[in-house]
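Working notes, structure below.
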Amino acid sequence: MKAKVLSTIILAASCLMGASAEDKAVVIISTDGSQRREAIKDIDRIELGDKGVTLKLSDGKAEEFEFAAIDRILVNAEWDAIKNIAAEGEIAVWPAQTSGPVNISGLSNGQKITVSNLKGAAVISTVASDELTTISLASQPAGIYIVSVANQSVKIIKK
């Protein structure tokens, strides 16, 4: 796991050449689907320890993430591109097929998100915490689900 995370960090960090730190971010997506996003300009360094990854911020704060709890680390993620996947007033949901995490962009803070099975039963109900919210279908059985936000719905296939 540590090698996988390290190679992801190295590969993605190599893409930083010529990139504007204002538009780039590090996104750590946990195995439970939650995420932590930090602008590249605010990160002093990323440290790999024996048990996990530590984000050292330029303001002196630090946040640790255990390897076992990390699903993915996106380094050099273009935050503006992620935010702008959906047109004004629309949502974007991806990936269309997943084994767990589902990303939803184009949201307002506090906006209600509902995931329903094909029988119409709500299996997940939550509220958006940011313009980009990640939810996890990991605890749900394989099948087709409908992600609904306001008057918009998107089909997702859980593998």
Side-chain angles (χ1 to χ4, degrees), residues 1-13 15 23-40 42-43 46 48-49 51-55 62-159:
M1 177 65 161
K2 185 175 180 179
K4 178 181 169 186
V5 171
L6 179 58
S7 64
T8 302
I9 291 172
I10 291 170
L11 175 64
C15 297
D23 298 331
K24 305 295 180 180
V26 171
V27 181
I28 298 178
I29 302 174
S30 300
T31 54
D32 67 2
S34 64
Q35 64 180 349
R36 171 76 164 102
R37 184 193 74 84
E38 195 65 53
I40 293 283
D42 297 331
I43 297 176
I46 300 172
L48 295 177
K51 297 179 182 178
V53 174
T54 303
L55 286 182
E63 190 164 353
E64 295 182 29
F65 303 88
E66 291 184 21
F67 287 126
I70 298 173
D71 180 55
R72 286 181 303 237
I73 299 177
L74 307 174
V75 179
N76 198 33
E78 293 192 31
W79 181 240
D80 287 337
I82 291 171
K83 289 192 309 188
N84 294 323
I85 287 174
E88 185 72 28
E90 294 181 348
I91 62 165
V93 179
W94 76 96
Q97 294 185 24
T98 183
S99 58
V102 175
N103 303 297
I104 307 165
S105 69
L107 301 168
S108 300
N109 193 9
Q111 197 166 15
K112 185 178 178 183
I113 302 166
T114 304
V115 179
S116 304
N117 61 23
L118 286 182
K119 294 179 182 178
V123 295
I124 297 173
S125 185
T126 188
V127 294
S129 58
D130 203 350
E131 296 168 5
L132 173 67
T133 297
T134 302
I135 58 174
S136 178
L137 295 177
S139 64
Q140 300 302 318
I144 298 173
Y145 294 87
I146 307 298
V147 177
S148 301
V149 178
N151 62 351
Q152 301 174 54
S153 299
V154 177
K155 176 182 78 170
I156 296 293
I157 298 171
K158 164 66 169 41
K159 299 183 222 178

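Values reported hereafter were calculated over all heavy atoms of this structure, with side chains retained and with hydrogens, waters and symmetry mates removed.
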About how many Å separate OH of Y145 and CD of Q140, when rounded to the nearest 0.5 Å? 4.5 Å
Nearest-0.5 Å distance that lies between atom OG in S105 and atom CD1 in I91: 8.0 Å
Between K112 and S125, what is the shortest heavy-atom contact and its length? CE-OG, 3.5 Å
Enter the distance from E38:CD to L55:CG here, rounded to the nearest 0.5 Å. 7.0 Å
Is a side-chain N or O of S108 found less than 3.5 angstrom from the main chain of Q111, in a donor-acceptor match? no
Given side chains that start at C-beta, do those of W94 and V154 come closer than 4.5 Å, heavy atoms only? no
Contact between I73 and I46 at the side-chain level, heavy atoms closer than 4.5 Å - yes or no? no
When I135, V93, T98, T134 are each screened for side-chain contact (heavy atoms from CB on, under 4.5 Å) with N103, the one that passes is T134
I124 CD1 to S136 OG distance, which is reported to the nearest 0.5 Å: 7.0 Å
For L107 versus A128, what's the shortest heavy-atom pair and its separation? CD1-CB, 3.6 Å
Between CD1 of I156 and CD1 of I146, what distance do you get to the nearest 0.5 Å? 8.5 Å
Where S99 and K158 come nearest, the two heavy atoms and their spacing: O-CE, 3.3 Å
How close do A122 and S116 get, heavy atom to heavy atom, and via which atoms? CA-OG, 4.0 Å
Identify the heavy atoms of T54 and A62 that sit nearest to each other, and give their distance. CG2-CB, 4.1 Å
K159 NZ to L137 CG distance, which is reported to the nearest 0.5 Å: 12.0 Å
CD (E63) with more than 12 external heavy atoms under 6.0 Å: yes
Is it true that atom CD of E66 has more than 12 heavy atoms of other residues, nucleotides or ligands lying nearer than 6.0 Å? no
